[in-house]
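Shown next, in structure tokens, is the structure this report addresses.
Please read all numbers here as calculations on a predicted model, not as lab measurements. A, B, ... follow the sequence lines: proteins, then strands. Residue 1 opens every chain.
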Amino acid sequence: MKKVYESAAEALDGLLFDGMTIMAGGFGLCGIPENLIAAIRDAGIRDLTIISNNAGVDDFGLGLLLQTRQIRKMISSYVGENKLFEAQFLSGQLELEFNPQGTLAERIRAAGAGIPAFYTRTGVGTVIAKGKELKEFDGETCVMETALKADLAIVRAWKGDKKGNLVYRKTARNFNPMMAAAGKVTVAEVENLVEAGELDADCIHTPGVFVQRIFEGKLEKRIEHTTTRKKEG
Amino acid sequence: MPWTREDVAKRAADELQDGFYVNLGIGIPTMVANFIGEDKDVTLQSENGMLGMGPFPIEGEEDADLINASKQTISELKRTSYFSSADSFAMIRGGHIDVSILGAMEVSEKGDLANWMIPGKMVKGMGGAMDLVAGVKKVVITMDHNAKSGAPKLLKKCSLPLTGVGVVDMVVTDLGVFRIDEQGMTLLELAPDVTVDEVKERTEASFRVADDLERR
């Protein structure tokens with residue numbers, strides 16, 4: 001079966017529709033599927049629900065889809081870096097569902113692992129637990145959280161092979177592995193596409209079963225906050 | 001004289017023991033890393049998927065794939081490991097991280113914490129704060145004793161939306177150090193030239209004064 005595509009637009013062909021739910025890997029601007037986000041903007045689909053830890057910045061990452069008002073709802077843990085987001089949210093154009101970051105990660109992991117719900121201490125006694133089922137385990141109150149899946153997962157990896165096996169680099173891994181497993185369809189953009197057998201089979205982070213389409217994309221890899229120190233001596 | 005922000009960070013660093021795995025929040029907590037003594041082997045966790053966080057990179061060596069939870073470029077150490085967000089919060093929620101040092105808007109005398117949301121203002125989100133306070137073994141708060149308006153931040157009951165209920169173990173402010181446990185809140189230490197009366201005047205929460213109150 002064909003998994004390898006030439007571009008983001010080609011890899012997304014036939015997968016996009018108005019009102020769909022898309023999960024996008026990345027933490028801040030680190031490890032985001034840049035080319036796939038740009039291709040979704042170009043495709044012009046609307047009323048999207050986006051599941052992603054953050055919302056990009058005003059002119060990069062998921063901020064691109066805010067500029068064009070393609071997003072109806074965001075499911076995130078932190079959106080403080082985006083003024084456009086704030087403006088659209090305060091004017092009521094954009095819905096927002098906050099999840100604690102670990103709960104967000106686990107809800108996505110659960111979906112990919114076939115677990116419909118789980119219990120956690122996180123958020124008990126806060127607005128996050130409102131209206132949700134509570135249960136006591138070993139004397140500790142926990143809140144039930146449900147699995148979070150998507151019509152499409154878009155992820156970014158450092159290396160991928162033609163069978164869809166993925167390897168991430170440093171902190172660019174973040175939400176990408178869980179999302180790859182939680183999408184009905186998963187499209188991966190990789191910095192380096194290699195032949196099957198070229199990756200060390202013992203060091204694969206996402207096995208190819210989770211990835212339906214893959215392509216090599218040239219990345220800008222923008223840094224959100226450059227912080228450095230002077231060389232000593 | 002009350003403590004400076006550096007003094008507060010330094011005092012919080014005393015809570016870190018040899019061999020500890022630690023998660024530091026934004027603001028004063030970030031500064032704590034500068035005051036960990038060389039005699040202590042402490043490993044910093046960054047919830048975006050890194051254990052063994054190093055200092056900012058040397059100019060020209062910054063890497064877009066290597067950032068901390070504040071989205072700043074960072075460097076790795078020989079001990080560093082990387083993992084997914086799910087594994088990162090398994091460490092946090094699963095009780096494998098010894099201490100989390102965080103900032104706060106309000107702390108109640110029962111250890112409730114509010115540090116993520118002010119109603120009527122733009123909500124940025126809780127990020128990993130709710131998971132951290134629910135999961136790590138010890139939660140230390142570093143903060144100014146009073147808000148800029150002068151209003152107390154150590155309260156009988158938090159007025160802002162909570163991050164966690166009964167989760168705070170220790171609070172270090174510019175005036176002193178408090179412990180919070182089943183007995184409630186106890187003043188353990190005072191900053192130089194600060195009196196118990198002054199702390200009482202600037203605190204809404206009720207607290208008892210430790211018999212062996214220390215003056216630093």
Side-chain angles (χ1 to χ4, degrees), chain A residues 27-31 53-54 76-82 85-86 89-90 96 98-106 108-110 112 120-128 141-142 158 168-178 205 219-232, chain B residues 46-50 53 55-76 80 82-95 112-114 116-117 121-135 161-167:
Chain A
F27 183 98
L29 301 180
C30 183
N53 189 56
N54 314 99
S76 304
S77 88
Y78 189 84
V79 295
E81 291 93 357
N82 198 314
F85 189 103
E86 188 171 332
F89 175 73
L90 292 175
L96 174 59
F98 277 128
N99 282 225
Q101 199 176 129
T103 295
L104 182 65
E106 194 62 15
I108 298 164
R109 197 194 71 81
T120 175
R121 286 194 308 273
T122 303
V124 171
T126 76
V127 292
I128 291 304
T141 305
C142 295
W158 179 39
Y168 308 97
R169 185 172 174 271
K170 302 186 189 286
T171 55
R173 190 180 323 183
N174 52 65
F175 282 82
N176 284 299
M178 292 83 72
H205 297 134
L219 299 169
E220 177 187 332
K221 291 179 77 165
R222 193 184 293 187
I223 292 175
E224 203 163 328
H225 304 294
T226 299
T227 42
T228 57
R229 68 193 147 103
K230 294 254 184 265
K231 204 168 181 167
E232 285 154 34
Chain B
S46 188
E47 66 264 26
N48 56 317
M50 180 183 199
M53 186 168 58
F56 291 150
I58 290 165
E59 264 176 356
E61 289 181 8
E62 55 275 18
D63 182 340
D65 289 339
L66 183 42
I67 62 168
N68 62 18
S70 305
K71 286 110 187 171
Q72 298 168 314
T73 49
I74 207 81
S75 67
E76 68 182 24
T80 298
Y82 299 107
F83 34 83
S84 72
S85 301
D87 286 341
S88 179
F89 283 94
M91 277 173 211
I92 289 167
R93 208 190 298 103
D112 299 348
L113 170 68
W116 75 281
M117 172 178 181
K121 290 204 175 165
M122 178 59 197
V123 184
K124 294 182 170 184
M126 71 289 286
M130 285 191 182
D131 310 275
L132 281 160
V133 298
L162 295 179
T163 309
V165 175
V167 293

TODO: Kindly write out the residues that satisfy salt bridge (Lys or Arg N to Asp or Glu O under 4.0 Å) with B:R93, not counting sequence neighbours, or none if the list is empty.
DONE: none

Task: Contacts of type salt bridge (Lys or Arg N to Asp or Glu O under 4.0 Å), residue B:D63, not counting sequence neighbours - done: A:R169

When heavy-atom pairs shorter than 4.5 Å are enumerated against chain A, which of [options] gives the highest number?
| options | answer |
| --- | --- |
| B:A90, B:A69, B:G166, B:S75 | B:A69 |
| B:V133, B:V123, B:D112, B:T163 | B:V123 |
| B:I92, B:I67, B:L162 | B:I67 |
| B:S84, B:G128, B:G49 | B:S84 |

How many angstroms lie between atom [atom1] of [X] and atom [atom2] of [Y], to the nearest 0.5 angstrom?
| X | Y | atom1 | atom2 | value |
| --- | --- | --- | --- | --- |
| A:E81 | B:K124 | CD | NZ | 8.0 Å |
| A:F27 | B:S46 | CZ | OG | 7.0 Å |
| A:Y168 | B:D65 | OH | CG | 13.0 Å |

TODO: State, yes or no, whether a side-chain contact exists between A:F98 and B:M126 at a heavy-atom distance under 4.5 Å.
DONE: yes

Task: Non-hydrogen side-chain atoms of B:P57 and A:R229 separated by less than 4.5 Å - done: no

Which atom pair, heavy atoms only, marks the closest approach of [X] to [Y]?
| X | Y | answer |
| --- | --- | --- |
| A:C30 | B:A64 | SG-O, 3.4 Å |
| B:A86 | A:R109 | CB-CD, 3.9 Å |
| A:P100 | B:M130 | CG-SD, 3.9 Å |
| A:G102 | B:F89 | CA-CG, 3.2 Å |

Open item on the list: Under a plain distance cut-off of 3.5 Å, with no hydrogens placed, do A:T227 and B:T73 share a side-chain donor-acceptor pair?
Closed with: yes

